[in-house]
Undergrad: 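Questions regarding the structure given below will be posed in turn.
In what follows, every chain begins at residue 1, and chains take the letters A, B, ... in the order their sequences are listed.
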Amino acid sequence: MNEEKKSLNFIEQIIEEDLAKGLSKDKLRFRFPPEPNGYLHIGHAASICLNFGLGLKYNAPVNLRFDDTNPAKEEQEYVDSIKHDVQWLGFKWDKELYSSDYFQQLFDWAVMLIKEGKAYVDNQTSEQMAIQKGTPTEAGTDSPNRNRTVEENLDLFFKMKNGEFDEGSHVLRAKIDMAHTNMHMRDPIMYRILKKHHHRTGNDWCIYPMYDWTHGESDYIEQVSHSICTLEFKSHRDLYDWYVNQVYDENLLRPKQREFARRNLSYTVMSKRKLLQLVQEGIVAGWDDPRMPTISGLRRRGYTPESIRNFSEVAGIAKRDNVTDVALLEYCVRDHLNKTAPRVMAVLDPVKLIITNYPEGKDEWLTAENNQEDESAGFREVPFSREIYIEKEDFKEEANKKFFRLSIGKEVRLKNAYIIKAENCVKDENGEITEIYCTYDKDSRSGSGTEASKRRVKGTLHWVSIKHAETAEVRVYDRLFTHEAPDTFKDKNFKEFLNPNSLNIINAYVEPSLKSAKVLDRFQFQRLGYFCVDQDSSKDKLIFNRTVPLRDSWAKMNK
RNA sequence: UGACCCAUGGUGUAAUGGUAGCACUCCGGUUUUUGGUACCGUCAGUCAAGGUUCGAGUCCUUGUGGGUCAACCA
């Protein structure tokens, strides 16, 4: 076997260069740093797969670190969901950590900066500070409080910490350069007063560190070698480095921030704010609604961790803005489910078919292969009888040569059963076909080995025996938005592109073996698609979600 | 009228100065008791103009286009 040499992505190249320049391989360490203010989505999966993938590739530890510096937005519910999602994707973190673990260290370092004259307390309004900040094209001006004495700053900062000031009245700022071309370097805020309960530190603190002050220092504390984030943080890198430099000890490793482009998916939105809006406004049933691009939504929809990992792998990473075609994700899940999902028969849009020459009252249990792609999947028995359901669209009274399905006078194979021929049909007053009458070739049973069973007929239909069928609710999903990039318009709200038909609930008939299906079990409903048992399913009511339909070249032909 | 980042088929990515490749999509075909799968094939790309070089997708310059940055968010 000659393995193709896999090309490295640009992050791996940076790591290889660092290694070549002398960085010891055992110093490699990564982290995945979610803020627990929402559920993870498929874009986060790219970051998870990248960071944990690097950990696997270099045999390096990867921490799960919650970036929990804003108690106003963060909740335990989100922490739990994030942990569940990362585990479900199949990754193991080295340590579960929280930025809030470092609040004391961060505070001590802030005191140190004040003593060194590198930080000061400002008690102007945010409006005043915003004006002084300047604009991207104009330099800012110094705050009148910029040159307070160290003693004064220390006194004010401790009063902030002790809760003696109101929220919003005072902040601690780094003293850098109000004329810097990088706005983030214009005396950024390090601490603000927030008299809020924190999900981990409770009421211990009423001042909370800002992201920039926290993130780099946390990486440094954990000795993360490569701190990988998305592109919008590129301009934060100067600040990240400045902050790390304030506390850097040359015997320790200096973490390095590098940025990649976030992964966008067509026909959906990927911002937590917008996803939260869909949830809060009841447009979807929750963060785990199967139409959502969240990990929990995809899981409930029937996606496998393998398929999501593979998607991240084949989509790759780079630095340019992108909108990846959702067809690639769908390809990945079909590819995996094709190899792993047991085949069963279900009829979603039934019409009754009667086999006139089949004995009334007779039952037969026929042997069916569970998965022809997997020999170890074995066989099961499916019941057959005189009256069955088939799909309405599998019958036409008259049809041309291209139509391989059932029509009057023509033969088709019933999957795992017999060859039948349509004789006539009955219609209601609207011309809708209500019953189809057929005869069967009793020597043609699948697998019986007879000459008749080996006859070739062009079409094969799936079916369920009416007498034995279980009923099930099937939730058929379509894309949530009608535009491939619904949130790229300046003058239009993304919700204008919501697809009114993104959910279609159907009552279907399924073969009885499905009675024992468990939540999250995945199946291929033969000739239809992949389906997964929903968590709303119960002993009394089976509920399936359609993960993705099978490719359908017949439907394409008819377009 | 600033700083920084980016630009390869429809989409996503490779090629690290030496034959522009892979995957998805689309289209066509073979096989098939799933119009699925598998297999084969077709169409299709280096933003532009200069420069360096024997040789440029790659390096340089200037344009053009897109993105990011002015939260007490992360």
Side-chain angles (χ1 to χ4, degrees), chain A residues 4 6-10 13 33-35 37 67-70 72-74 122 125-126 129-131 133-140 167-173 180-184 186 189-194 207-208 210-212 214-215 229 231-238 259 261 263 266 272-273 314-332 334-335 338-339 343 345 369 372-373 402-405 412-417 419 446-447 453-462 484 524-529 549-557:
Chain A
E4 287 271 314
K6 247 205 59 21
S7 58
L8 303 176
N9 65 46
F10 80 98
Q13 287 172 24
E35 183 190 12
N37 69 340
D67 227 331
D68 57 348
T69 58
N70 186 358
K73 290 186 180 173
E74 294 150 7
D122 204 341
T125 64
S126 55
M129 288 192 284
I131 292 165
K133 194 135 195 176
T135 72
T137 56
E138 292 166 288
E167 269 191 28
S169 64
H170 293 68
V171 292
L172 182 73
R173 293 227 256 171
H180 204 287
T181 54
N182 184 340
M183 297 287 290
H184 295 289
R186 322 242 262 227
I189 293 173
M190 295 173 71
Y191 277 94
R192 76 289 212 189
I193 299 169
L194 247 27
I207 56 170
Y208 289 91
M210 298 289 288
Y211 165 81
D212 289 294
T214 307
H215 203 89
C229 59
L231 240 34
E232 67 270 26
F233 290 99
K234 175 61 171 63
S235 60
H236 293 242
R237 196 151 107 193
D238 289 340
E259 312 82 13
R263 170 112 357 244
S266 63
K272 272 198 234 175
R273 210 196 86 242
V314 299
I317 64 149
K319 290 173 78 165
R320 54 181 144 153
D321 296 328
N322 61 79
V323 182
T324 302
D325 195 338
V326 68
L328 183 62
L329 214 212
E330 293 176 341
Y331 164 80
C332 290
R334 282 194 195 103
D335 186 46
N338 175 50
K339 293 168 191 145
R343 272 61 171 168
M345 292 196 285
E369 204 174 3
Q372 40 279 84
E373 305 293 323
K402 292 261 178 83
F403 188 79
F404 303 161
R405 284 111 106 135
V412 293
R413 158 76 62 186
L414 291 174
K415 181 78 185 170
N416 305 313
I419 293 171
S446 291
S453 74
K454 291 178 188 158
R455 277 169 52 213
R456 300 191 145 198
V457 288
K458 193 69 182 161
T460 300
L461 307 187
H462 62 275
E484 65 172 17
Q524 184 194 98
F525 288 1
Q526 229 149 13
R527 298 209 309 134
L528 296 174
L550 253 27
R551 284 183 65 204
D552 188 349
S553 53
W554 169 245
K556 267 179 200 159
M557 252 167 76

Undergrad: Mind checking if A:His215 touches a base, just sugar-phosphate, or nothing, with heavy atoms under 4.0 Å?
TA: nothing
Undergrad: Which part of the nucleic acid does A:Thr324 contact within heavy-atom distance under 4.0 Å: base, sugar-phosphate only, or nothing?
TA: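 Sugar-phosphate only.
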Undergrad: Would you say the ring centroid of A:Trp554 lies under 6.0 angstrom from that of A:Phe404?
TA: no
Undergrad: When all nucleic acid strands are considered with a 4.0 Å heavy-atom cut-off, which category describes A:Gln524: base, sugar-phosphate, or nothing?
TA: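 Contact class for A:Gln524: base.
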Undergrad: Reckon A:Asn416 touches a base, only the sugar-phosphate, or nothing at all at heavy-atom distances under 4.0 Å?
TA: base
Undergrad: Under 4.0 Å, counting only non-hydrogen atoms across every strand here, what does A:Glu373 touch: a base, just sugar-phosphate, or nothing?
TA: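 If one applies the 4.0 Å heavy-atom cut-off, A:Glu373 turns out to touch a base.
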Undergrad: Only pairs with both distances under 3.5 Å count, Watson-Crick or wobble alike; so what is the partner of B:C72 in this structure?
TA: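 The base-pairing partner of B:C72, which may sit in any strand shown, does not exist here.
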Undergrad: Contact class for A:Arg263 vs. all strands (heavy atom < 4.0 Å): base, sugar-phosphate, or nothing?
TA: sugar-phosphate
Undergrad: With a 3.5 Å cut-off and heavy atoms only, can you find an N or O donor on one side and an acceptor on the other between the side chain of A:His184 and the base of B:A3?
TA: no
Undergrad: For A:Asp325 and B:G9, what is the distance between atoms CG and P respectively, to the nearest whole Å?
TA: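 So the CG-P distance, A:Asp325 to B:G9, works out to 15 Å.
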Undergrad: Is there a side chain to side chain contact (heavy atoms under 4.5 Å, CB included) between A:Gln526 and A:Lys415? Walk through the geometry before answering.
TA: CA-CA 9 Å; A:Gln526 229 149 13; A:Lys415 181 78 185 170; 3.7 Å; yes
Undergrad: Whether A:Asp552 and A:Lys556 form a salt bridge (side-chain N of Lys/Arg under 4.0 Å from carboxylate O of Asp/Glu) is what I want to check.
TA: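 Judged by the 4.0 Å cut-off on N to carboxylate O distance, A:Lys556 and A:Asp552 do not form a salt bridge.
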Undergrad: Tell me which nucleotide, if any, is Watson-Crick or G-U wobble paired with B:G41 when both distances must be under 3.5 Å.
TA: B:C27
Undergrad: Which one is paired to B:G9, where only Watson-Crick or G-U wobble pairs with both distances under 3.5 angstrom count?
TA: none
Undergrad: Would you say the base of B:U33 and the side-chain of A:Arg413 have a donor-acceptor pair closer than 3.5 Å?
TA: yes
Undergrad: Could you tell me which nucleotide pairs with B:A56 by Watson-Crick or G-U wobble geometry, both distances under 3.5 Å, or answer none if nothing does?
TA: none
Undergrad: Stacking between B:G35 and A:Trp554, yes or no? Criterion: centroid separation under 5.5 angstrom, plane angle under 30 degrees.
TA: yes
Undergrad: Please give, in whole Å, the distance from B:G35 P to A:Gln526 CD?
TA: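 A:Gln526 atom CD is separated from B:G35 atom P by 9 Å.
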Undergrad: When you measure from the side chain of A:Asp122 to the backbone N and O of A:Leu172, does any donor-acceptor pair fall under 3.5 Å?
TA: no
Undergrad: With a non-hydrogen cut-off below 4.0 angstrom, is A:Arg456 in contact with a base, only sugar-phosphate, or nothing?
TA: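 Here A:Arg456 touches the backbone only, sparing every base.
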Undergrad: Heavy-atom nearest nucleotide on RNA chain B for A:Met557 versus A:Leu328: which residue maps closer to 5'?
TA: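 With A:Met557 and A:Leu328 compared, the 5'-side residue is A:Leu328.
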Undergrad: State whether the distance check finds a donor on one side and an acceptor on the other, under 3.5 Å, for side chain A:Arg334 versus base B:U37.
TA: no
Undergrad: Once you apply the 3.5 Å cut-off to both distances, tell me the Watson-Crick or G-U wobble partner of B:C4, or none.
TA: B:G67
Undergrad: Checking all strands, does A:Val457 fall into the base, sugar-phosphate, or nothing category for heavy-atom contacts under 4.0 angstrom?
TA: nothing
